[in-house]
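Naming: A, B, ... by sequence-line order, numbering from 1 per chain.
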Amino acid sequence: MHPEKYPEYKDSHIPAQEQEILHFWEENKIFAQSVQSREGQASFTFYEGPPSANGMPGIHHVMARTIKDIFCRFKTLQGYQVKRKAGWDTHGLPVELSVEKELGITKEDIGTKISIEDYNRKCRETVMKYTDVWGNLTRQMGYWVDMQNPYITYQNDYIESVWHLLKRLYEKGLLYKGFTVQPYSPKAGTGLSSHELNQPGTYREVSDTSITAQFKVVSEEASAFLFARPGEDVRILAWTTTPWTLPSNGALVIGEHLHYAKVNTYNPYTHLPVSVVLAKDRLSAYFNPKAADQPLGDYAPGDKLIPYAIEQEFLGKKLVGLRYEQLLPYIVTEELQAKAFRVIPGDFVNTEDGTGVVHAATLFGGDDFRVTRQHDIPAVVAHDESGNEVPLVDKQGRFVKEVSDFAGRYVKAEYERDETLADPQYKSTDVLIAIKLKEENKAFKVEKYVHSYPHCWRTDKPVLYYPLDSWFIRTTALKDKLAELNKSINWKPASTGEGRFGNWLENLVDWNLSRQRYWGIPLPIWRSEDGTEEICIGSVYELYEEIEKAREVGLMQENPIGAHEIVSEVKRNKKGEVIDSQVIDAFFSPNVFDLHRPYVDKIVLVSPTGQPMYREPDLIDVWFDSGAMPYAQWHYPFENEAQFGQHFPADFISEGVDQTRGWFFTLHAIAGLLFDSVAFRNVVSTGLVLDAEGRKMSKRLGNAVDPFKVMATYGADATRWYMVANANPWDNLRFSWTTPEEIKEGKPEKSDKIEEVSRRFFGTLRNTYAFFALYANLDGFRFEQADIPLSERPESDRWIISRLNSLIREVGEAYQEYEPTRAARLMQDFTTDDLSNWYVRLNRKRFWKSDYQQDKIAAYQTLYTCLETLAVMMAPIAPFYSERLFRDLNEVSQRQAFASVHLAYFPETQAEAIDADLEQRMALAQKISSLTHALRKKAKVRVRQPLKKILVPVLDETTKSQIAAVSDLILSEVNVKALELVGDDSGLVVKRVKPNFKTLGTKYKQDVKNVVALIQNLGKQEIAQLERTQVLEKEGFALSLEDVLIQSQEVEGFSVESENGLTVALDLEITEELRAEGLARDFVNRLQNLRKDSGLEVQDKINVAVAATDPFVQAALLAHRDYIATETQALELRFADALAEGETFEIEAFKIQVQMQVVRE
RNA sequence: GCGCUUGUAGCUCAGGUGGUUAGAGCGCUACACUGAUAAUGUAGAGGUCCGUGGUUCAAGUCCACGCAGGCGCACCA
């Protein structure tokens, strides 16, 4: 059984309708069907970037998920099988912070007030706090993703896959232990996160000893330009506020584009002549201008004023590569001599203070570390007893023994005990270093300097930037490959791929995996205490086996991971005695063992030489978790190997642009490093959703938009459509809408774009459907007849079908190219402009007037086809209304075998139905109609008044025949009797020429202006001559026909309108005959209104009596009696002298009495 | 600071490879239409194309330098 009638809706509440559709989907498992029905077809792989269920979803999630949904649905319509597994990101700092907030604790309390065990248990509970809300959002917005079997990053299977990947990296030599330079508090013995460093009060004004040191330039070929005479002492000046880093100096950094100067002067401490190099902008800080004119030779040691002379100036890049002598040679190695002590460029150098030259100590500064790495400058290091490389300052903040002069001394006075500081003889290390440098002619200036410096929030002591152990993935080793692979990825927008992502890859540094935290995937590496032996565990079973080894040597009492189950086969004789027993197999059965901390920390393994090995305490970066999802979501390689193979790499992913260095990178890196492949082929990076003022949405500002509220007001479709159609997904979206409360309060000045979409697009589409349903139901049209061939349908039908097919092609291409905005706008324009405003408006009469014959059926079929096709094409963006529309149509017609639009197939373009010429003709018809309307308006002649003719001057034959073909359409649209095309020969057309700049520009260059003036002043004869002979000589210029555009802009004797070269003239003369017809039409109009006001149904018949005194009116009505009767469905139109009762119509100056009676059958 | 991105009408956005009158929708104003009617159509007003300089016969479009907003990076997830 299927319905006979198309549903007609009165006063429909859209969100409620969407609820109905949700129920339909759920009851009939449409989502599951949309996947199952594509079984065996090519698969289209989509990866869901896991959201953290730890926070509430915002409106931007609707944006991101709409984009994901669109392409998954589109590909399904194309016949691909699109599985989409949901996922949850469950680890990481935000979870920890929210737990700490909830419990009112800090990181400090972990291990004391709360055990790691309890803390992690709390994290596990908290992280899924909002899953219900997320589930609701997913459902409400119509986002189809498989929430039944999501991957969850904290699950053991997931962790095991991650471990497997880490082990593979380890085996390839891509996982190593190194260090990063981080803020470090020697007194607390711990690194500080930037979070901790951003606490109020950590940055304080302190007064430090600052030293401007002299670095002696090595005289060689590259530096020859600096040496004015043999044996000259040339030194580069560099300034530091941390003198304790000077023994570790490895390079000097300059700004390539900064200006530097070489100055001849004397050292203020040793009084020796010296030539120093520093930034030109900094000269005034080091030299007194009063001494500028003083001859160098006049200087005597001890003089207050030290003379100086600027010898030469140059750009910083000239200094790059120069070598200098090591300042404090405590550590001397061949490698250092070969590679270090060079001038290198750095983009962070400025001339606000110092000398414009920055001293770099690889291990004691973030910039220093980065810039020296980039230029392959080795770090200055000592060695401990085990031969490991160690920095020149130990973890307590003291110089190591190699720094002989200061061995064992704290590098900062603040670290000393109070008694030590109380000693009047005490001199800080900074000061001692300054003294030493002064004595050795290596200091140019020493002074106290007040600046802001970070302090540890726990000990109040200054922090050091210090190298701390970290585990890294050697991404730099495969940098080129990653960049190469990136080129094959289709990025939307392309600039994110080439620019943001491409640059990131170019400047890639090794990926620091280490996090000193509690809730995350533990690094599966066990190490002996001396660091000489280590093992990386790649599976739960491997861990089991290693524990067994440890158990054998007594390091572990039991094996918490699992057990081998020994299965024995025992044979007994009849008496029940054992005659044979045999171990036939051993199965490993894992225990329920949480792979998180603290449990894994308790596991001690044994090295091949018998040393105990302890787990490296770090957790891994949660970004590795999410980057591992292509593998770990399937528990690959332990299970689902085939599944994985089929679904790698992804065809499509999409996330916010802020994920560029996040998920996009980690996916790419892991796939590139381990699988020599991209992880995704197409990626749409979406922009941000901002508030109406362009500010970022945040809880703090209170401008966050609640997605549920928006959808409850306008429904998911309008919200989705608005987001897609309004701007490209990669542009930021200014989300503007008016809440129901604001409407009540009356805030009309705020624009509401969702409402606009809802009304303008969905409203029009609903109206168009309602129009169709109304008449189709009356006529019983159920699309039972065969399709009427296009050739037998009228021009306007063929036109809209042609437009529809063009639309199918364009929309298909737009989706295919991941341009959803283009697709949405195309469909929107088609619906409002072509379908509703032109096709339906022009063809209304065919639906309600004529008999139920071929022409009418053609009209129904045409409109039906447009609506149905539109429903399928818009389904990816507006899954709800498209479903409603499709089902409302299809339930009656049963044309398609699908219960849901989402099971249907994307329409194919019928190339033969596209008629470019027809589309051009119709465009002309639209333009001419519009111009005619404009003329009527100007003359204040109402549309119901028929007019005699319109004149259209046309010069070329193609346009002529095109207009002729659509003249009937135009005439009925504008209510004019005739359309006359006037050609060249009529003598009515006045021609105008416009310069064609494209040809003129290349031909005349500078003379263009003169030629243009010439062309604009061409007379009638000259234009005619140019047309005839193709050329015209005037004032020395040889014009050819292609240099001008000829247009007919006027018609003699008529008022005209023109646009883009098309001109229309309207004959405004109204004959008596026309006037009578106009009156009849007005009469019909009034009568129709009366019918409607009286509440008659469309199909009701009436009898009409008219009393009109004026002879003109009588004659007019009589002459058009049949017309009036047909239009108004009057069975009888009777004329009377006077009527006792009834309505009075006022038309022009006439009063007409009318009585109307319904005819009941 | 570095990198990416955006800036066009009151609002939201279009404006291949440079071509002279810069467009659309909404909003506003006026008018029209009235068997799609809590719809619809037509027209009008509304622009320093962020600024400055340059290239060019010609710049919203190309180049340089700025200004403003947004995002990312600066070892934060």
Measure from the side-chain heavy atoms of [X] and tell me the nearest of [options].
| X | options | result |
| --- | --- | --- |
| A/Val840 | B/A36, B/A14, B/G27 | B/A36 |
| A/Asn837 | B/A77, B/C13, B/U40 | B/U40 |
| A/Arg517 | B/A77, B/C13, B/G41 | B/A77 |
| A/Tyr775 | B/A36, B/U6, B/C26 | B/A36 |
| A/Asn726 | B/U12, B/A36, B/C75 | B/U12 |
| A/Ser836 | B/A36, B/C13, B/A77 | B/A36 |
| A/Ala727 | B/G41, B/C13, B/A77 | B/C13 |
| A/Val622 | B/A14, B/A77, B/A36 | B/A77 |

Tell me whether the rings of A/Trp721 and A/Phe761 are parallel (<30°), tilted (30 to 60°) or perpendicular (>60°).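 The arrangement is parallel - the two ring planes meet at less than 30°.
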
Once the angle between the rings of A/Trp491 and A/Phe501 is folded into 0 to 90°, is it parallel (under 30°), tilted (30 to 60°) or perpendicular (over 60°)?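 Ring orientation, 0 to 90° scale: tilted.
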
Heavy atoms only: give me the nearest A/Val724-A/Ala824 pair and the separation to one decimal.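 Here A/Val724 and A/Ala824 meet closest at CG1-CB, 4.0 Å.
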
Please report, rounded to the nearest Å, how far the [atom2] atom of [N] is from the [atom1] atom of [X].
| X | N | atom1 | atom2 | answer |
| --- | --- | --- | --- | --- |
| A/Tyr769 | B/A39 | OH | C1' | 18 Å |
| A/Leu842 | B/A36 | CG | P | 13 Å |
| A/Glu96 | B/A77 | CD | P | 9 Å |
| A/Arg766 | B/U37 | CZ | C1' | 17 Å |
| A/Glu755 | B/U12 | CD | C1' | 14 Å |
| A/Ile14 | B/A38 | CD1 | P | 15 Å |
| A/Tyr722 | B/G25 | OH | P | 19 Å |
| A/Asp731 | B/U12 | CG | P | 13 Å |

For [X], enumerate each residue passing the side chain to side chain donor-acceptor pair (under 3.5 Å) test, keeping only those at least two apart in sequence or located in another chain.
| X | result |
| --- | --- |
| A/Asn777 | A/Glu8 |
| A/Arg1081 | A/Asn975 |
| A/Thr768 | none |

Provide the distance between the two [atom1] atoms, one in [N] and one in [M], to the nearest whole Å.
| N | M | atom1 | answer |
| --- | --- | --- | --- |
| B/C67 | B/C50 | C1' | 7 Å |
| B/C2 | B/U21 | P | 41 Å |
| B/G47 | B/A14 | C1' | 15 Å |
| B/C65 | B/G1 | P | 15 Å |
| B/A59 | B/G18 | P | 13 Å |
| B/G60 | B/U17 | C1' | 16 Å |
| B/G15 | B/A77 | C1' | 40 Å |
| B/U6 | B/A58 | C1' | 27 Å |

According to the Watson-Crick and G-U wobble definitions, with both distances under 3.5 Å, which nucleotide is paired to [N]?
| N | answer |
| --- | --- |
| B/G47 | none |
| B/G3 | B/C71 |
| B/U21 | none |
| B/G41 | B/C31 |
| B/A9 | none |

Mind checking if [X] touches a base, just sugar-phosphate, or nothing, with heavy atoms under 4.0 Å?
| X | value |
| --- | --- |
| A/Arg841 | base |
| A/Asn732 | sugar-phosphate |
| A/Trp504 | nothing |

Test salt bridge (charged side-chain N to carboxylate O under 4.0 Å, His left out) on A/Lys492 and A/Glu817 and set out the steps. CA-CA 9 Å; A/Lys492 294 303 265 187; A/Glu817 288 162 18; 6.0 Å; no

For A/Thr496 and for A/Trp623, find the nucleotide of RNA chain B with the closest heavy atom, then tell me which residue's nucleotide is more 5'.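 Final value for this comparison: A/Thr496.
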
Starting at the 5' end of RNA chain B, which residue's closest nucleotide do you reach first, A/Asn512 or A/Thr832?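 Final value for this comparison: A/Thr832.
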
What's touching nucleotides 31-33 of chain B from the protein side, N or O pairs under 3.5 Å?
unit_1, atom_1, unit_2, atom_2, d
B/C33, O3', A/Arg944, NH1, 3.1

With A/Phe369, which residues qualify under ring pair (Phe, Tyr, Trp, His ring centres under 6.0 Å), at least two apart?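 Expected list: A/Phe179.
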
Name each donor-acceptor pair under 3.5 Å that joins a side chain in residues 725-732 of chain A to protein atoms two or more places apart or in another chain, with its distance.
unit_1, atom_1, unit_2, atom_2, d
A/Asn728, OD1, A/Thr821, OG1, 3.3
A/Asn732, OD1, A/Leu688, N, 2.9

Using a cut-off of less than 4.0 Å, is there contact between a side-chain N or O of A/Arg760 and OP1 or OP2 of B/C26?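 Yes.
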
A/Leu1066 and A/Val976, any side-chain heavy atoms less than 4.5 Å apart: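 Yes, their side chains come closer than 4.5 Å.
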
